[in-house]
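To keep things clear, I will list the structure first and then write my remarks on it.
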Amino acid sequence: KLQFLYLIGEAGAPLLHTEHMAAFAHPGVLHRAARPVRVAITGAASYSGRYMSELLASDPNVVEVRSMTNHPNRKWSVENAKPQNMTTVPLQFDDGAVLRESLRGIDVLICTYWTRFSEDEAAHAGAQGADAPPHPAVTHVKALTDAAVAAGVQRMIYVSHTKPGLDPAIPQYIRGKAECEAYIESAARRAGAGFTCGFVRPCCIFGDTPNESIVVNNTAYLARRLPVLLLAGNGRNVFQPVHVRDLAEMCVSLALWPGGLPETANEGYPTPPRFLDAVGPEKLSITEFMRVVRDAVYDAERAKGGVLARLRPRPVLLASHLPAGWIFPLVAPLNYLLDDVFVEQGDLQILTDNLAGSARTPAAVRGDLARLFPAGGGAAVLPRYPTPPAPVGDYNLWGRRPFTAWVQANAAELGTRYLNSYARYYDCSGMRDFKRRVAQKRIGGGAKSA
């Protein structure tokens with residue numbers, strides 16, 4: 001059981017003590033649909049998609065949740081039961097007619113689609129710069145956008161990334177997200193008043209449990225085993241992970257925003273934000289992020305007792321002060337040892353180029369959230385939990401789930417086993433098995449939704 005304690009409130013008194021992370025569901029205010037709508041979501045059984053589907057199913061005005069997926073038999077987690085009003089249709093990018101038919105009758109599309117690994121070995125290897133081939137996910141999102149417009153979809157929400165840009169020097173992953181944003185916006189301009197869009201921009205996502213949080217869990221896995229943890233760049237750049245429930249609530253609220261649909265645009269509702277940075281309530285540096293994870297799992301190991309745990313020194317955090325291209329050869333052997341892509345050069349560049357945090361000031365982000373979760377008027381007030389002053393950084397966004405408190409709550413389990421991303425998202429045992437199957441044409445690229 002998880003012991004989660006908010007120690008300090010505004011008055012300095014104990015605020016909340018609970019044994020289940022479920023107590024942190026649905027903070028603050030969530031927009032509800034103003035009229036009956038049908039919503040499609042790519043990968044409704046995916047990581048964030050499960051939580052979005054859960055929220056959509058709880059809205060009585062959402063008469064259908066349509067899952068667009070290439071994995072119709074994917075099992076739903078214990079935490080997220082499959083909504084009763086959900087239907088499943090194919091996500092068939094190579095057949096425009098099928099794709100349009102899959103979206104027929106849909107009012108709102110939430111797109112979480114992306115592919116990390118594919119049969120294209122250059123893209124799979126994380127090729128960078130102007131010579132990198134077009135990412136297959138970009139082509140697929142463009143096809144999905146065209147099909148949405150042709151099928152009469154009225155609104156599209158796309159899960160992007162913090163600080164996207166089209167500069168060839170930007171990592172391919174973020175540049176691809178920027179290309180998708182630009183294409184969706186151009187489609188909205190071409191469609192005129194009949195098609196609106198919005199973009200939610202997270203960087204790193206963590207979930208209710210370590211098993212849902214690959215990046216954080218695997219970082220903790222290394223912190224439990226290595227004497228030195230090498231940091232990307234100077235260690236001072238910002239890293240702002242967001243809880244998957246917060247991300248889901250922002251996506252669903254932006255999707256169902258009263259006035260977001262063209263037919264309700266003139267009914268007096270405030271204009272929704274076009275872009276929303278989905279960042280956590282704490283503005284951590286990379287060093288602070290690593291220190292929080294390292295100290296939590298180190299202290300958890302010592303608390304279990306044992307001579308070795310007590311004798312083992314606390315791992316050293318070492319800022320490399322090197323560009324991503326120089327750091328990657330130093331850490332690339334981990335990929336081979338773990339039989340996974342633990343880190344790519346583009347991942348390191350996101351950190352060294354300060355692309356893993358909000359581009360907006362804290363006041364601006366708070367303003368976005370105030371618009372997204374207003375005090376009243378067309379919104380349903382849901383149970384909320386109190387948020388203490390952020391222990392690190394200058395963010396204190398009301399009603400959000402702080403990363404540092406989550407790490408403390410999960411320290412005993414965090415990083416005790418490695419989570420292989422190939423095994424998680426593909427029908428294979430690891431990176432070498434995936435490459436072997438691709439080479440034998442027995443398995444193609446798989447789709448990973450955010």
Side-chain angles (χ1 to χ4, degrees), residues 40-43 48 68 91 93 96 99-100 103 108-116 118 120 122-123 126-203 247 250-251 254-255 257 260-262 265 271-279 346 349-350 353-360 364-365 368 447-450:
I41 177 171
T42 59
S48 61
M68 304 184 71
L91 191 57
F93 295 110
L99 204 55
R100 288 191 298 274
L103 287 164
V108 181
L109 169 63
I110 302 176
C111 179
T112 67
Y113 174 82
W114 193 257
T115 359
R116 185 178 182 189
S118 75
D120 185 337
Q128 304 297 317
D131 295 332
H135 199 291
V138 175
T139 304
H140 291 164
V141 171
K142 289 179 178 180
L144 185 64
T145 303
D146 292 340
V149 174
V153 174
Q154 298 183 53
R155 182 161 176 77
M156 182 173 179
I157 303 300
Y158 180 66
V159 179
S160 183
H161 194 281
T162 52
K163 299 183 180 179
L166 296 173
D167 189 321
I170 287 178
Q172 185 190 45
Y173 171 62
I174 295 185
R175 191 171 70 252
K177 292 283 189 176
E179 290 177 32
C180 292
E181 283 193 13
Y183 191 85
I184 294 168
E185 283 203 290
S186 67
R189 287 192 295 270
R190 292 194 304 270
F195 182 76
T196 66
C197 57
F199 305 95
V200 180
R201 295 169 168 173
C203 57
L247 172 64
M250 284 186 275
C251 287
L254 201 57
W257 186 288
L261 293 176
T271 303
R274 192 68 168 271
F275 306 95
L276 190 68
D277 285 342
V279 295
Q349 190 180 346
I350 288 173
D353 291 0
N354 201 24
L355 301 174
S358 176
R360 312 198 68 196
V365 175
D368 286 341
K448 174 182 181 296
S449 293

Has [X] got a side-chain atom pairing as donor or acceptor with [Y]'s backbone, closer than 3.5 angstrom?
| X | Y | result |
| --- | --- | --- |
| H161 | A356 | no |
| K177 | V159 | yes |
| S160 | V200 | no |
| T162 | C203 | no |
| D353 | L355 | no |

Which heavy atom in [X] sits nearest to a heavy atom in [Y], and how many Å separate them?
| X | Y | result |
| --- | --- | --- |
| K163 | N354 | NZ-O, 2.7 Å |
| I170 | L166 | CD1-N, 4.3 Å |
| A255 | V108 | CB-CG1, 3.8 Å |
| V153 | F195 | O-CD1, 3.2 Å |
| L144 | C111 | CD2-SG, 3.8 Å |
| A178 | P164 | CB-CB, 3.8 Å |

Point-to-point distance, once rounded to the nearest 0.5 Å, from CG of L103 to OG1 of T145: 10.0 Å
From R155 atom CZ to L109 atom CG, the distance as rounded to the nearest 0.5 Å: 11.5 Å
Sub-4.5 Å side-chain heavy-atom contact between F93 and T139: no
C180 side chain near Y158 side chain, heavy-atom distance below 4.5 Å: yes
Option passing side chain to side chain contact (heavy atoms under 4.5 Å, CB included) with M68 (candidates I110, I41, L99): L99
Pairing residues for E181 by the salt bridge (charged side-chain N to carboxylate O under 4.0 Å, His left out) criterion, not counting sequence neighbours: R201
Sequence-distant partners of F199, ring pair (Phe, Tyr, Trp, His ring centres under 6.0 Å), two or more places apart: F275
W114 ring center near H140 ring center (under 6.0 Å): no
In a table with atom names and distances, give each donor-acceptor pair under 3.5 Å that connects a side chain of residues 185-192 to protein atoms at least two apart or in another chain.
{"from": "E185", "atom 1": "OE2", "to": "R274", "atom 2": "NH2", "distance (Å)": "3.4"}
{"from": "S186", "atom 1": "OG", "to": "A182", "atom 2": "O", "distance (Å)": "3.4"}
{"from": "S186", "atom 1": "OG", "to": "Y183", "atom 2": "O", "distance (Å)": "2.7"}
{"from": "S186", "atom 1": "OG", "to": "R190", "atom 2": "NH1", "distance (Å)": "3.2"}

